[in-house]
Amino acid sequence: MFAFGSLYLQVPGLYGEKGVLPAHTQLPNLKYPKQCFFDKLTVLCFSSYVGLNVSYMMELVALVGTILSFIGLVWKSWCTAMLYLLLWGGYLSLYQVGQTFLWFQWDILLLEIGFLTILVAPVSRRGWSEYRPRNLVTMWLVRWALFRLMFASGVVKLQSGCPTWWGLTALPLHYESQCIPTPVAALMYFLPGWWHKLCIVATFVIEIAIPFMFFSPVRAHRIFSCYSQLLLQVMIILTGNYNFFNLLTMTLCLSLMDDVHLGYQHVKDLSFGFISYVKSTSSWLLKWVGYAALAYYTMAYFSLRFTPQGTIESTMAVSRTEFDAWMSRAVPLSIAIGAFSLIITVAEALTSALFEVRGCLDKFGVFTTTFVYSAAAIAMFGISLVPYTSIDRPTNQRVWVGFRNLYERTSDLQLTSSYGLFRRMTGVEGRPEVVLEGSNSINGPWTEYEFPYKPGNVNQMPPFVAPHQPRLDWQMWFASLGTYHQNPWLISLAYRLLAGQTEVVALLDQTSPWRQSPPKYLKASKFIYSYADGNTDGWSESGVWWKRKLEGDYHPIFTVDHAPLVEYLRKIGTIGTMDIPATNQPFQQVLQSIRAYVGILDPVLFLWCLCATACVIMWTKRSRRSVSSYRHRSFRHKGKDGRT
């Protein structure tokens with residue numbers, strides 16, 4: 001719901017016919033919808049069937065996706081495979097034309113998990129009350145996806161050779177140079193260095209070592225690993241604005257829990273006597289052996305030591321060569337552990353379907369269904385090995401050719417992908433920022449464009465934006481890491497701002513001085529930002545959160561009729577191409593009315609209002625059920641003798 005809702009609010013400015021990157025340019029075969037669909041796998045190809053152009057069709061898909069997600073959030077019985085198929089297909093349709101604004105790892109992860117949820121969810125609304133042994137297998141796929149995400153995100157930091165990760169000094173840089181920091185990140189930045197190093201040690205342990213506990217036979221290990229991952233995600237939410245990504249990762253952690261831990265079931269140990277004693281003792285022994293091994297290797301590999309000052313110092317005690325050698329063993333080992341765990345899970349599910357279901361017909365149906373889903377799980381596990389093993393080339397070359405072929409044939413569906421967040425730390429010399437400036441005279445004065453969320457105004461406090469993702473603000477951060485030649489979308493943005501395009505200007509801050517009338521000239525400058533020290537610069541007194549210094553020009557001065565600018569945009573198809581005409585004017589007016597009504601709210605407020613509304617409805621439903629249950633239990637009737 002957050003993903004669809006956030007994107008819906010930005011479609012006209014990003015993908016409209018006169019947006020930054022018009023979506024219709026990605027669908028050259030619009031006149032032939034069926035051919036277009038098989039080429040791009042997006043329902044936007046059929047926009048002419050409902051009388052809309054591509055941008056309005058994108059709005060419709062995003063709006064319908066938001067509504068369907070809201071329904072599934074409030075009414076559990078509607079969360080069927082068909083609902084998730086519609087959601088997955090809708091988001092895939094948007095992703096296929098989203099270009100650079102949708103090429104984020106969390107968008108791909110949402111598509112992968114969305115497809116897995118089609119397998120997890122019941123086929124029909126009645127399925128919620130049915131016993132499904134296949135749940136063991138489908139939820140295992142979610143656990144495997146979580147393992148790949150966390151393990152890869154941990155090891156790529158060290159594989160990159162980034163000196164800040166190897167030196168355990170990356171965290172302050174992360175707090176300062178991440179795309180959209182929060183006020184908590186600004187405060188955490190000034191904590192002592194030994195604490196930052198200890199937090200990075202904890203991050204490596206949570207992302208690299210603890211994920212192996214996901215497949216431990218000891219239940220306590222899985223619960224411990226779950227809460228470790230949740231702790232990391234909560235800390236990321238507090239210190240960074242990463243839209244729905246952390247919420248999605250926390251949702252995946254549910255695959256590490258069980259119904260007993262969540263309070264849905266109460267399982268009694270039916271064994272007794274000596275057998276019960278052996279089971280409890282062995283479980284207790286394995287549990288503490290695992291914890292002890294984790295603590296020992298953490299202290300050994302990071303040289304943890306206490307100082308007389310009461311601090312904990314840490315340094316990397318592993319060389320790059322030793323780490324590479326460990327990776328050559330760890331990746332094949334993780335695949336072996338995953339394969340063995342999957343085989344055990346499939347065997348358990350098939351056995352359960354065979355012996356715990358009564359009736360021959362029911363038994364045959366459940367067993368057949370479980371077998372089909374198990375085959376699908378094995379196929380999904382196989383194709384996931386291709387992108388997963390990209391972190392170890394020798395292992396990647398040994399992946400079975402059958403899985404490779406299947407992966408290549410399904411790659412357009414985004415069923416699985418490789419992950420690896422924060423591979424290298426940026427901003428070692430400070431946080432680079434691109435600042436757009438406009439003027440009505442080539443000699444100035446120049447007035448800055450204000451963006452709603454990214455750092456610009458040094459007096460603006462870092463905001464809390466999640467679960468909204470302001471995709472233009474995000475791309476401005478990526479643009480600062482390169483040149484404008486590497487970011488053609490930025491040239492398009494400059495042209496749209498000079499033309500005063502309403503949809504694009506709406507993506508800027510409400511207080512931006514150029515919202516009413518565009519400037520005649522526009523340029524971009526590159527600044528280096530750093531946090532203002534609260535002790536020396538006085539946050540509370542002056543309200544200054546950032547310090548900055550000018551590094552130089554980012555791109556030259558442009559005008560709306562600048563010949564090289566116009567020629568370049570025509571060459572790449574951003575201008576000079578036409579979307580298909582919208583023939584269904586009433587439907588278009590309805591979409592415009594909805595947008596005008598929703599556009600009154602701030603995007604972050606709009607998303608949290610959706611969430612709050614869903615929570616209120618769910619609370620009301622639960623309250624009504626509680627009242628109904630209470631009345632049923634306290635119902636009184638009169639007997640034959642007239643007494644109550």
Side-chain angles (χ1 to χ4, degrees), residues 105 143-171 174 196-218 221-222 224-225 228-229 232 256 286 288-305 312-342 381 384-400 416-425:
Q105 291 195 45
R143 187 183 304 178
W144 173 247
L146 177 63
F147 173 84
R148 291 189 291 110
L149 171 67
M150 301 311 302
F151 182 72
S153 296
V155 297
V156 296
K157 295 178 174 63
L158 298 176
Q159 283 186 321
S160 67
C162 179
T164 62
W165 285 117
W166 280 92
L168 306 181
T169 59
L171 200 53
H174 169 70
H196 289 311
K197 289 186 175 183
L198 190 62
C199 289
I200 293 180
V201 170
T203 300
F204 281 141
V205 172
I206 293 174
E207 290 186 340
I208 299 177
I210 291 182
F212 283 92
M213 287 186 171
F214 294 176
F215 307 105
S216 172
V218 181
H221 287 169
R222 300 193 297 272
F224 168 76
S225 65
S228 299
Q229 306 303 322
L232 177 63
L256 302 174
L286 288 174
W288 288 106
V289 166
Y291 294 153
L294 182 66
Y296 171 78
Y297 285 109
T298 300
M299 297 186 69
Y301 289 155
F302 297 99
S303 298
L304 297 182
R305 55 197 180 278
I312 303 177
E313 295 296 330
S314 54
T315 54
M316 286 290 291
V318 180
S319 67
R320 178 65 188 273
T321 303
E322 291 173 332
F323 176 75
D324 290 340
W326 179 83
M327 280 294 295
S328 65
R329 298 188 299 270
V331 175
L333 177 63
S334 66
I335 295 174
I337 292 174
F340 180 76
S341 175
L342 177 58
F381 172 74
S384 72
L385 297 181
V386 180
Y388 169 62
T389 54
S390 61
I391 58 179
D392 185 57
R393 182 172 298 177
T395 307
N396 182 267
Q397 295 174 346
R398 293 195 297 267
V399 175
W400 183 45
T416 184
S417 180
S418 59
Y419 303 103
L421 301 170
F422 310 113
R423 187 182 299 268
R424 295 188 66 90
M425 194 52 60

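With T203 contributing its side chain and C199 its backbone, the two residues share a donor-acceptor pair below 3.5 Å. In terms of modelled atom types and a separation under 3.5 Å, the side chain of K157 and the main chain of L421 share a donor-acceptor contact. Counting only distance, with no hydrogens or angles, the side chain of R148 and the backbone of S417 share a donor-acceptor pair below 3.5 Å. S303 contributes no side-chain N or O that, together with a main-chain N or O of A317, makes up a donor-acceptor pair within less than 3.5 Å.
Considering every non-hydrogen atom in both P211 and E207, the closest pair reads CG-O, 3.1 Å. Between V399 and L385, the shortest heavy-atom distance links the atoms CG2-O, 4.1 Å. The two atoms that bring I210 and I206 nearest to each other are CB-O, 3.8 Å, heavy atoms only. Among all heavy-atom pairs drawn from L256 and S225, the shortest one is CD1-OG, 3.8 Å. Counting all heavy atoms, side chain and backbone alike, S314 lies closest to K197 at OG-CB, 3.5 Å. Closest heavy-atom contact between M425 and C162: N-SG, 3.6 Å.
In this structure, OH on Y297 lies 14.0 Å from CZ on F302, to the nearest 0.5 angstrom. One distance of note links OG of S228 with NE2 of H221; it measures 11.0 Å at 0.5 Å rounding. Atom-to-atom distance recorded for I391:CD1 and S334:OG is 6.5 Å, nearest 0.5 angstrom. To the nearest 0.5 Å, atom CE of residue M213 and atom CD of residue Q229 are 11.0 Å apart. Atom CE of residue M299 and atom CD1 of residue I312 lie 8.5 Å apart, to the nearest 0.5 angstrom.
The number of heavy atoms from other shown groups lying within 6.0 Å of CZ (R320) is above 12.
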Could you go through the side chain to side chain contact (heavy atoms under 4.5 Å, CB included) check for R305 and T315 one step at a time? CA-CA 9 Å; R305 55 197 180 278; T315 54; 3.7 Å; yes
Quick one, F204 with L158, criterion side chain to side chain contact (heavy atoms under 4.5 Å, CB included). Give me CA distance, side-chain angles, the key distance, then yes/no. CA-CA 9 Å; F204 281 141; L158 298 176; 3.6 Å; yes
S153 vs F422, side chain to side chain contact (heavy atoms under 4.5 Å, CB included): CA-CA, chis, key distance, verdict: CA-CA 7 Å; S153 296; F422 310 113; over 6 Å; no
With side chain to side chain contact (heavy atoms under 4.5 Å, CB included) as the criterion, how do L294 and F224 come out once you've worked through the C-alpha distance, each side chain's angles and the decisive distance to 0.1 Å? CA-CA 12 Å; L294 182 66; F224 168 76; 3.9 Å; yes
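Under the 4.5 Å side-chain criterion, counting only non-hydrogen atoms from C-beta, S328 is not in contact with R393. Side-chain contact between P332 and R398 is present, with at least one heavy-atom pair separated by less than 4.5 Å. Side-chain contact between W165 and R423 is absent, with no heavy atoms from C-beta onward closer than 4.5 Å.
Taking the six-membered ring where the residue is Trp, the centroids of Y388 and Y419 are separated by 6.0 Å or more.
W288 and Y291 have perpendicular rings, their planes meeting at more than 60° on a 0 to 90° scale where under 30° would count as parallel. Taking the six-membered ring where the residue is Trp, F215 and W144 present tilted rings, their angle falling between 30° and 60°. Using cut-offs of 30° and 60° on the angle between ring planes, the pair F214 and F147 is perpendicular.
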